[in-house]
Amino acid sequence: GAEASILVQHPQAEAIVARAVAEVARLEGVFSLYRDSSLTQLNRAGRLEAPPFELLECLALCGRLHAATGGRFDPTVQPLWALYAEKFSAGAAPGEADIAAVLPVVGWDGVAFDSAAVSLRPGAGLTLNGVAQGWIADRIALMLRDQGLVDVLVNMGEMRALEGRSW
């Protein structure tokens, strides 16, 4: 749902950007909360067998961020976010009882992952909105760098610039 753009100065810019856009679409199939993605399948079932490497890499980053922030960064807030969205869309804030009912499923300690599977505690859900856009911007920028580009600005809701040009 975020605005996205890729600015490239290169004679084959159109083809290069088309490859980058295809990669973004593929990664949306991993991270999107709004499409049938690996993340939505995980949230729906509470377990995802043979998770994509990109999801595992992003979850490892989330674990490091969770530790570095003393738990303040926690992607397991998705059920709490959903509660707030539901209640506010109906015209009222969630009550203390509503929040208390959801809080037991929130917490990074309820996430387990390895190359075989990702699992969540029952009723839990993840949002990777706090990291996935930046992770994708970094991934696309590195993909473009590997194709020899240096004057690049990638905007996936989070920005990444490659050396060589002041934007």
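Atoms considered below: every heavy atom in the structure, side chains included; atoms not considered: hydrogens, waters and symmetry mates. The shown structure was predicted, so the numbers you read here are calculated from the model rather than taken from an experiment. Along the sequence shown, residues carry numbers from 1.
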**Request:** Evaluate the side-chain proximity of N43 to T127: yes if any heavy-atom separation is below 4.5 Å, no if none is.
**Result:** no
**Asked** Once you round to the nearest 0.5 Å, how far does CG of L27 lie from OG of S32?
**Response** 11.5 Å
**Request:** Would you please test L61 and W135 for side-chain contact (heavy atoms from CB on, under 4.5 Å) and show each step?
**Result:** CA-CA 9 Å; L61 174 60; W135 189 92; 4.2 Å; yes
**Message:** Using modelled atom types and a 3.5 Å cut-off, is there a donor and acceptor pairing between side-chain atoms of D114 and backbone atoms of A117?
**Reply:** yes
**Request:** For D74 and V77, work out which heavy atoms get closest and say how close.
**Result:** O-CG1, 3.2 Å
**Message:** Quick check on the hydrophobic clustering: are Y34 and L83 connected, directly or via other members, by side-chain heavy-atom contacts under 4.5 Å?
**Reply:** no
**Request:** Enumerate the residue pairs fulfilling ring-ring contact (aromatic ring centres under 6.0 Å, His included) with a member in residues 111-133, sequence neighbours excluded, ordered by first and then second residue.
**Result:** none
**Message:** Looking at E49, I'd like to know if its CD atom is crowded, meaning that more than 12 non-hydrogen atoms belonging to other residues, nucleotides or ligands lie closer than 6.0 Å.
**Reply:** yes
Please output the side-chain donor-acceptor pairs of residues 85-103 that fall under 3.5 Å, not counting sequence neighbours, one pair per line with the distance.
{"residue": "S89", "atom": "OG", "partner": "A85", "partner atom": "O", "Å": "3.1"}
{"residue": "S89", "atom": "OG", "partner": "E86", "partner atom": "O", "Å": "2.9"}
{"residue": "D98", "atom": "OD2", "partner": "G95", "partner atom": "N", "Å": "3.0"}

**Request:** Return the minimal non-hydrogen interatomic distance between Q78 and L126, and the atom names on each side.
**Result:** CB-C, 3.5 Å
**Prompt:** Are M156 and I16 in one and the same hydrophobic cluster, where Ile, Leu, Val, Met, Phe, Trp and Tyr link if side-chain heavy atoms are under 4.5 Å apart?
**Reply:** yes
**Item:** Short side-chain to backbone donor-acceptor contact, T40 and R35, under 3.5 Å
**Value:** yes
**Rounded distance [0.5 Å steps], CG in N155 versus CD in Q133** = 9.0 Å
**Complete:** When every non-hydrogen atom of L128 is compared with those of C58, the smallest separation belongs to CD1-SG, 4.4 Å
**Asked** Are F31 and V131 connected in a single hydrophobic cluster, I mean Ile/Leu/Val/Met/Phe/Trp/Tyr linked by side-chain heavy atoms less than 4.5 Å apart?
**Response** yes
**Prompt:** Do the side chains of F73 and V105 join up, straight or via other hydrophobic residues, at under 4.5 Å, putting them in one cluster?
**Reply:** no
**Complete:** Closest heavy-atom pair, L120 versus G125, reported as atoms and distance to 0.1 Å, is CD1-CA, 3.9 Å
**Message:** A side-chain contact here means heavy atoms from C-beta on lying under 4.5 Å apart; do I136 and V154 qualify?
**Reply:** no
**Message:** Could you report the tightest heavy-atom contact between S38 and L55, atom names first, then the distance?
**Reply:** CB-CD2, 4.4 Å
Pairs of donor and acceptor atoms involving the side chains of residues 138-149, under 3.5 Å and at least two apart or interchain, shall be tabulated with distances.
{"residue": "D138", "atom": "OD1", "partner": "R160", "partner atom": "NH1", "Å": "3.3"}
{"residue": "R139", "atom": "NH2", "partner": "E54", "partner atom": "OE2", "Å": "3.4"}
{"residue": "Q147", "atom": "OE1", "partner": "R19", "partner atom": "NH2", "Å": "2.8"}

**Request:** Start with the C-alpha gap between L39 and L48, add the side-chain angles, then the distance that decides, and say whether side-chain contact (heavy atoms from CB on, under 4.5 Å) holds.
**Result:** CA-CA 8 Å; L39 182 59; L48 182 67; over 6 Å; no
**Considering all heavy atoms, the nearest W108-T76 contact** = N-OG1, 3.8 Å
